[in-house]
Amino acid sequence: MVDEYAIGERFRSLAGELNERQRRLYVAAEARAAGWGGVTAVARQTGVSVPTIRKGIAELEADEHLQLGRVRREGAGRKPLTDVDATLLSLDPPHRVVWFRPMRCVK
């Protein structure tokens, strides 16, 4: 039998200290250790989705290690907006945005 309460307590005590990859690997390890029904029990107690837990299990089984200090694999994540739209760096008058207008006294 899976001790769901203990799984939830362990997760809540560590959750604030884990980055997204560590969190995914931790819940995957908990699910594997729990055995049959572990994925569902961990998802219920931690609030982490079942696909995320399954992805973590796949990462554990692949034994993939990232470079020190990295959370995501090389090339993963969003591209910088300046790569998508070069005009974001432009400060030419046609591209400059006026955020406010000075107030005028009206009599």
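Here, residue 1 is the first one in the sequence, and each next residue gets the next number.
Here the CZ-CG distance, from Arg24 to Leu18, works out to 11.5 Å after rounding to the nearest 0.5 Å. Going from atom CZ of Arg21 over to atom CD of Glu59 covers 5.5 Å, rounded to the nearest 0.5 Å. In this structure, Lys55 NZ and Leu25 CG are separated by 10.5 Å, a value rounded to the nearest 0.5 Å.
Trp36 shares a hydrophobic cluster with no other residue; no ILVMFWY side chain has heavy atoms under 4.5 Å from its own.
Other residues, nucleotides and ligands contribute only 12 or fewer heavy atoms inside 6.0 Å of the CZ atom of Arg54.
Residues Gln45 and Arg10 are not in side-chain contact: their nearest non-hydrogen atoms beyond the backbone lie 4.5 Å or more apart.
Classification of Glu9 and Arg12 as a salt-bridged pair holds, one side-chain N sitting under 4.0 Å from a carboxylate O.
Under the 4.5 Å side-chain contact rule for hydrophobic residues, Leu60 and Leu14 do not share a cluster.
Across all their heavy atoms, Ile53 and Ala28 have their closest contact at O-CB, 3.9 Å. Minimum heavy-atom separation, Arg23 to Phe11: CG-CE1, 3.8 Å.
The backbone N or O of Val48 sits nowhere less than 3.5 Å from a side-chain atom of Thr52 that would complete a donor-acceptor pair.
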Go through Tyr26 and Gln22 one step at a time and tell me if the side chain to side chain donor-acceptor pair (under 3.5 Å) criterion holds.
CA-CA 6 Å; Tyr26 176 76; Gln22 292 168 337; over 6 Å; no
Practice problem: Go through Val39 and Val27 one step at a time and tell me if the side chain to side chain contact (heavy atoms under 4.5 Å, CB included) criterion holds. | Solution: CA-CA 8 Å; Val39 172; Val27 295; over 6 Å; no
